[in-house]
Amino acid sequence: MSKSALPRRSVIAGAAATVVGWNTVGRSWAVEAPAPDASPGAEAAAAGTDAASGADTLAALPRLDGTLVADIAALARFGGDFGHLVTAAPRAVLRPGSVRDVATLVAFARRHRIPVAMNGQSGTGDAAELESHSSYGQAGVRGGVAIDSRGLDRIVRITPGRAVVEAGVTWAQLTDAALAQGWMPPCLTDYLHLSVGGTLSVGGIGGGVQRYGFQVDTVESVDVVTGTGELVTASASANRELFEAVLGGGGQAGLIVRATLRLVRARERALVLNLFYDDLGAYLADQKKLMLERRFDLQVGDVSRNAAGTGWRYKVEGVVHYDGTAAPDRAKLVRGLRCVAADTTFTDQTAREYAYRVDAFAGFLKGAGLWSQPKPWMSLFLPASTAETFTREALALLTPEDLGAGLLLFYPFRTEVFTRPMTVMPDEPVGFHFDLLSFPFPGADHAAALRRNRRLYDRAVQLGGKRYLIGAIPDVAHADWRRHYGTRWGRVVAAKHRFDPAGILTPGQGIHS
């Protein structure tokens with residue numbers, strides 16, 4: 001469609017409408033005019049806008065299989081994220097009907113210097129939910145185009161040991177589809193209702209991290225739309241620079257639209273062991289011992305207030321998967337540990353029940369109205385040598401009000417399992433994941449929580465720590481990012497210049513601002 005052939009249109013004025021073009025002078029979207037039976041006032045407003053803009057200033061939107069919309073509800077929904085701490089409303093939302101739509105839109109946006117970001121906004125299907133893996137505006141795109149990846153929700157195929165899925169598929173959808181054929185993703189997020197593309201963009205962490213690394217470490221190839229609008233298939237053997245730049249790269253070099261993922265054989269059951277500690281030193285020693293001895297298939301842990309409310313208690317959660325009636329030896333699993341033996345618990349359940357274990361907790365939070373409250377989360381990776389120092393300092397600052405109904409995940413990993421360059425780790429063989437998942441009660445001082453997060457982040461960096469890209473850490477500047485990536489900063493900059501030369505992709509991360 002030529003510029004002169006555009007249908008009657010109006011510049012966006014807040015009404016629900018489908019975008020048909022871009023006003024290159026006013027730098028605003030043009031939308032379809034109201035229907036002929038619309039109110040006279042609306043018709044007059046549309047005509048006035050049309051006359052003011054002029055057809056020669058409008059670039060027609062290329063044909064899409066889906067739609068680009070600019071209604072108030074869509075813009076408001078994509079203006080926030082799961083953290084409810086940052087608002088950055090886009091001017092339009094793409095609901096793609098195909099992978100090609102993403103490439104087409106990004107190419108158009110590059111020509112007109114319009115920022116673009118992909119947003120999973122997955123969840124369990126409730127239209128009121130907002131479960132993006134962004135908690136501090138990382139997927140926001142103020143004044144640009146938000147791409148709703150839910151339009152890319154197709155499981156292309158599952159074959160022995162492998163799955164091909166589009167970016168909007170959730171890990172829950174993939175888990176059930178894979179289980180039906182006797183397979184499982186090797187590393188699942190604790191909460192499964194997040195999109196594949198969203199977690200791969202930042203890394204993707206869960207209880208299988210000790211054995212498999214991040215979810216990005218289980219990726220065989222990705223289809224990526226670069227900042228130039230090219231659709232490229234990348235792997236370790238083809239277009240490797242792009243492959244390594246997008247996995248855990250925060251959406252800076254390209255938008256993941258499809259992924260080929262490794263699967264492992266599913267086991268039938270999960271024996272879940274909970275070990276409790278009142279002493280931090282004993283907890284850290286046993287966590288490292290259990291990991292290095294590989295006693296469990298999955299191993300996590302958390303910190304919470306003790307029953308008396310006078311201090312902190314530490315929990316190891318270990319899982320052994322098995323088939324049939326060949327249950328593991330429970331006595332062997334706890335041999336030689338320094339936990340509080342009387343409090344040790346075992347739970348035997350199906351592997352699927354364990355994979356979905358967080359759903360009940362999420363349901364409680366939603367019922368209590370806490371799911372939609374602001375959540376100043378902070379996710380850090382600490383070297384083992386300074387983990388105890390940092391944790392003692394952090395726990396001296398944290399209060400029950402800081403956690404609210406949430407918790408603090410805290411468990412070890414081997415840094416050698418992280419193979420993707422963009423997911424930087426502490427420079428030691430063993431690290432600890434310190435993940436503050438707070439669900440504060442109404443009335444909490446979120447500004448103070450953010451200042452606390454910044455203070456703890458700075459202290460973690462002093463002690464050799466790194467961050468996970470989804471956390472709520474305020475005032476992160478260029479110098480912080482250079483320090484975060486260290487010797488890999490040059491690769492980060494080179495990838496941005498090569499694959500997103502106009503700098504339009506995922507500005508909410510702030511990495512190149």
Side-chain angles (χ1 to χ4, degrees), residues 184-190 203-218 264 267 270-304 312-322 328-341 344-347 351 354-355 357 379-392 407-420 423-435 460 463-466 468:
M184 279 276 284
C187 184
L188 287 171
T189 50
D190 296 327
I205 194 168
V209 65
Q210 290 90 0
R211 293 182 180 243
Y212 301 104
F214 280 140
Q215 290 177 322
V216 292
D217 295 293
T218 70
V264 296
R267 309 297 293 273
L271 179 65
V272 185
L273 170 62
N274 287 324
L275 306 169
F276 294 91
Y277 297 76
D278 294 317
D279 179 73
L280 176 58
Y283 173 79
L284 291 170
D286 276 4
Q287 277 278 30
K288 287 187 284 187
K289 175 184 176 69
L290 290 167
M291 180 185 69
L292 296 174
E293 292 180 358
R294 295 178 177 245
R295 290 198 199 183
F296 300 114
D297 297 317
L298 304 177
Q299 180 185 336
V300 291
D302 63 69
V303 183
S304 60
W312 300 94
R313 202 167 210 217
Y314 312 91
K315 183 183 77 175
V316 173
E317 180 174 293
V319 182
V320 179
H321 287 119
Y322 69 97
D329 183 338
R330 298 186 180 192
K332 186 177 180 180
L333 290 174
V334 299
R335 188 171 299 154
L337 301 178
R338 299 162 59 188
C339 57
V340 180
T344 298
T345 65
F346 292 89
T347 304
Y354 181 75
R357 67 196 179 280
S379 190
L380 304 171
F381 302 108
L382 307 166
S385 65
T386 60
E388 182 171 358
T389 297
F390 176 86
T391 303
R392 290 192 186 280
L407 72 161
L408 170 59
L409 297 180
F410 186 45
Y411 55 85
F413 54 84
R414 294 177 297 115
T415 56
E416 66 182 14
V417 300
F418 300 99
T419 61
R420 307 304 181 203
T423 55
V424 291
M425 286 290 124
D427 189 20
E428 289 187 10
V430 175
F432 273 81
H433 185 210
F434 184 99
D435 196 11
L463 296 172
K466 299 293 182 180
Y468 192 42

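- Here W312 contributes atom CH2 and L280 contributes atom CG; the two are 12.0 Å apart, rounded to the nearest 0.5 Å.
- The line from OG1 of T391 to CZ of F432 is 8.0 Å long, rounded to the nearest 0.5 Å.
- The shortest non-hydrogen separation linking A384 to K288 is CB-CD, 4.5 Å.
- For T389, there are no side chain to side chain donor-acceptor pair (under 3.5 Å) partners, not counting sequence neighbours.
- Evaluation of the salt bridge (charged side-chain N to carboxylate O under 4.0 Å, His left out) rule for R295 yields E293 as partners, not counting sequence neighbours.
- In this structure, OH in Y283 is found 6.5 Å from CZ in F410, a value given to the nearest 0.5 Å.
- The stretch residues 204-214 participates, sequence neighbours left out, in no side chain to side chain donor-acceptor pair (under 3.5 Å) pair at all.
- Atoms CG and OG1, from N274 and T344 in turn, are 9.0 Å apart once rounded to the nearest 0.5 Å.
- Among V300, L275, V334, the one residue that satisfies the side-chain contact (heavy atoms from CB on, under 4.5 Å) test with V316 is L275.
- Residues L188 and A355 share a closest heavy-atom pair of CD1-CB, 4.1 Å.
- Interatomic distance, OG of S304 versus CZ of F276, reported as 7.5 Å (0.5 Å rounding).
- Under the rule for a side chain to side chain donor-acceptor pair (under 3.5 Å), R330 has no partner lying at least two apart in sequence or in another chain.
- Screening residues 423-435 for side chain to side chain donor-acceptor pair (under 3.5 Å) gives S379-H433, S379-D435, S385-E428, Y411-H433 as the qualifying pairs, with residues at least two apart or on separate chains.
- Between the side chain of T218 and the main chain of Q215, a donor-acceptor pair closer than 3.5 Å is present.
- In terms of heavy-atom proximity, G204 sits nearest to C187 at O-SG, 4.4 Å.
- Rounding to the nearest 0.5 Å gives a distance of 9.0 Å between CG of L290 and SG of C339.
- When all heavy atoms are compared, the tightest approach of Y322 to P328 is CD2-CD, 3.6 Å.
- In terms of the ring pair (Phe, Tyr, Trp, His ring centres under 6.0 Å) criterion, residue partners of F214 (sequence neighbours excluded) are, by chain and number, F381, F418, Y468.
- Under the side chain to side chain donor-acceptor pair (under 3.5 Å) criterion, Q299 pairs with Q287, sequence neighbours left out.
- In terms of heavy-atom proximity, A460 sits nearest to L382 at CB-CD2, 3.8 Å.
- Here the closest non-hydrogen pair linking P412 and M291 is C-SD, 3.7 Å.
- With sequence neighbours left out, E416 forms a salt bridge (charged side-chain N to carboxylate O under 4.0 Å, His left out) with R414.
- Scored by the side chain to side chain donor-acceptor pair (under 3.5 Å) test, K315 finds D302 as partners (sequence neighbours excluded).
- The list of salt bridge (Lys or Arg N to Asp or Glu O under 4.0 Å) pairs with a residue in residues 270-285, not counting sequence neighbours, reads D278-R313.
- For D286, the side-chain contact (heavy atoms from CB on, under 4.5 Å) partners two or more places apart in sequence, or in a different chain, are Y277, K289, L337, R338.
- D190 is linked by a side-chain contact (heavy atoms from CB on, under 4.5 Å) to R357, V358, L409, counting only residues two or more places apart in sequence or in another chain.
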